[in-house]
Amino acid sequence: MISKVSIDGCRDSIMILMTFDNPLLVVLTGPTASGKTRTGIHLASHFHSEILSADSRQFFHEMKIGTAFPVPHELACVKHHFIGHLSIHDSYNISRFETDAIQLLERLFQHRRVVFLVGGSGLYINAVCHGIDFLPDPNPVMRIELKLRLEQHGIATLQEELQKTDPEYAAMVDMANPARLIRALEICHTTGVPYSSLRLNNPKERPFRILKIGITHPREVLNERINNRVDQMIDAGLVEEARQLYPYRHLNALNTVGYKELFDHFDGAYPLAMAIEKIKTHSRRYAKRQMTWFTKDAEMVWFLPSETERMISLIEKSMC
RNA sequence: GGCGUCGUAGCUCAGAUGGUAGAGCAGAGGACUGAAAAUCCUUGUGUCACUGGUUCAAUUCCAGUCGAUGCCA
């Protein structure tokens, strides 16, 4: 059952890891407020395992209430990773998450046959499952410059430049999306080669198998759960949490449903009750986008959150 | 009670000096490679409050009714 596996790519010495044959990563995902945290803890305790979070906003320890952190007794049940391990002031990106998660998984799989990746950030889940292309980190000043150009001269200037520097990507990208254009141009500028030439899109081989479990509810039920959870967050002190983070509202981590609406409320844009309604509405839309992403994934096996016994038997079967 | 203003898409509101109407938001669907709880795309027929009148033609003008709202009493 236990074998020795050498990992390529270590410079100084060949690293020997003890690992189970064919360990299993169970991805547990679904839209916001579907019950991932609870179900994840149930499953992970059943298998005496640990949880990696794949939630790009629960990384930040300052954002406990608004991102629905697992509560202390939940965290005590099962060992969690990547929950509150960063500050909103840290710079972090999906590439670093991929590296951190893969390194951790290699360690965990030395003595575990199954580990859980729980969260709703589809892109981050993909990075763990299939990897993303290696790209150098761009100079942060470059993004600021490109943003400034966008503000001053409009999107056309970025579209024209991308058309010239990387016509292949220009032909496939959503040219109306400033974020995509800025990203592509900053890569072109940093590397001196077209972005499209670096987008190899080769799925990486992983030393583990993957089972993807999606949980969701009928839309009306999910909407109801979202509404209730937002009310609970408010009761739990979200307004105060947001008020303390208000000075840092420009940080990317705080461009997040639940915070940005309250920041606007603090600015006097609308009363608190309206901010709360907007948080609910924006959470519903977020859930919709998540579902668009997840339902496209043919590997996803869908369950209601109540069907934990069926999930357990599927996981057991997959472990064989 | 008197005088005004308003009544148009689920919501907030544009609009045509008469030829049956359009934005934002919501809703629905979609995209997605270091911003991803982010960013972006597609999608708008509704008794234009009701009843009459004028007119070839009224949601638009006129009158009345109902409702909302403001001021005066």
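Each chain gets a letter, A, B and so on, in the order its sequence line appears, and its residues count up from 1.
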- Rounding to the closest angstrom, what is the interatomic distance between B:G4 and B:U42 at atom C1'? 45 Å
- Item | pair A:Val27-A:Cys129: side-chain heavy atoms closer than 4.5 Å | yes
- Query: Given the P atoms of B:C41 and B:A26, what is the spacing between them in whole Å?
  - Reply: 13 Å
- Item | Atom-pair distance (CD on A:Glu220; C1' on B:A26), nearest Å | 17 Å
- Given atom CG of A:Asp100 and atom C1' of B:G34, what is their separation to the nearest angstrom? 13 Å
- Write down the distance between CD (A:Glu261) and P (B:A38), rounded to a whole number of angstrom. 8 Å
- Message: Counting the atoms with a prime plus P, OP1 and OP2 as sugar-phosphate, which does A:Thr256 contact under 4.0 Å by heavy atoms, base, sugar-phosphate, or nothing?
- Response: base
- Message: Between B:U17 and B:A49, how far apart are the two C1' atoms, rounded to whole Å?
- Response: 24 Å
- Item | B:U65 and B:G15, which share atom name C1', separated by this distance in whole Å | 26 Å
- Query: Do the side-chain N or O atoms of A:Asn252 get closer than 4.0 angstrom to the phosphate oxygens (OP1, OP2) of B:A36?
  - Reply: yes
- Task: May I have the distance from A:Leu262 (atom CG) to B:A37 (atom C1'), rounded to whole angstrom?
- Result: 14 Å
- A:Ser49 and A:Arg112 side chains, donor-acceptor separation under 3.5 Å: no
- Item | P-based separation of B:A58 from B:G52 [nearest Å] | 13 Å
- Using the test salt bridge (charged side-chain N to carboxylate O under 4.0 Å, His left out), find all partners of A:Glu62 that sit at least two apart in sequence or belong to another chain. none
- Would you indicate what A:Thr67 reaches in the nucleic acid, counting non-hydrogen atoms under 4.0 angstrom: base, sugar-phosphate, or nothing? base
- Side-chain heavy-atom pair A:Pro305, A:Lys36 within 4.5 angstrom cut-off: no
- Aromatic centroids of A:Phe97 and A:Phe59 separated by under 6.0 Å: yes
- Listed nucleotide nearest any side-chain atom of A:Tyr124, set B:U39, B:G34, B:A36: B:A36
- Has the side chain of A:Ser34 got a donor or acceptor atom that lies under 3.5 Å from a matching backbone atom of A:Pro31? yes
- Task: Tell me what A:Ile182 touches on the nucleic acid: a base, only sugar-phosphate, or nothing, going by heavy atoms under 4.0 Å.
- Result: base
- Query: side chain to side chain donor-acceptor pair (under 3.5 Å) with A:Arg199: which residues, sequence neighbours excluded?
  - Reply: none
- Message: For a quick check of understanding: with a heavy-atom distance under 4.0 Å over all strands, which category does A:Phe60 fall into, base, sugar-phosphate or nothing?
- Response: nothing
- Can B:G4 be described as syn, meaning its chi torsion is within 90° of 0, or is it anti? anti
- Message: Under 4.0 Å, heavy atom to any atom of RNA chain B: which of residues 142-159 of chain A qualify?
- Response: A:Arg143, A:Lys147
- Message: Within the 4.0 Å heavy-atom criterion, would you say A:Thr32 contacts the bases, only the backbone, or no part of the nucleic acid?
- Response: nothing
- Tell me, which stems hold RNA chain B, with a stem being 3 or more Watson-Crick or G-U pairs in a row and both distances under 3.5 Å? B:1-7 with B:66-72, B:10-13 with B:22-25, B:27-31 with B:39-43, B:49-53 with B:61-65
- If we take the C1' atom in both B:C32 and B:U59, what is their distance in whole Å? 44 Å
- Item | C1' gap between B:A38 and B:C6, integer Å | 42 Å
- Task: Kindly indicate whether the side chain of A:Ile51, heavy atoms from C-beta on, has any atom under 4.5 Å from the side chain of A:Lys79.
- Result: no
- Item | Sugar-phosphate, base or nothing in reach of A:Gly66, heavy atoms under 4.0 Å | base
- Task: Please identify each residue that fulfils side chain to side chain donor-acceptor pair (under 3.5 Å) with A:Tyr246, with sequence neighbours left out.
- Result: A:Asp267
- Message: Taking any heavy-atom pair under 4.0 Å as a contact, classify A:Asn126: base, sugar-phosphate, or nothing.
- Response: nothing
- The single option from A:Ile102, A:Asn22, A:Val114, A:Leu108 passing side chain to side chain contact (heavy atoms under 4.5 Å, CB included) against A:Phe208: A:Ile102
- Message: Return a single string for nucleotides 28-33 of chain B, one symbol per nucleotide in 5' to 3' order, where B is base contact, S is sugar-phosphate-only contact and - is none, cutoff 4.0 angstrom on heavy atoms.
- Response: BBBBBB
- Polar contact flag, side-chain donor to acceptor under 3.5 angstrom, A:Glu240-A:Gln244: yes
- Mind calculating the distance between CD1 (A:Ile102) and C1' (B:G34) to the nearest angstrom? 16 Å
- Query: Would a 4.5 Å heavy-atom cut-off, applied to side chains only, mark A:Leu52 and A:Leu104 as touching?
  - Reply: yes
- Item | Heavy-atom check, side chain of A:Glu50 versus side chain of A:His81, under 4.5 Å | yes
- Spacing of A:Leu254 atom CG relative to B:A36 atom P, expressed in whole Å: 12 Å
- Looking only at atom C1', what distance separates B:U33 and B:G29, rounded to whole Å? 24 Å
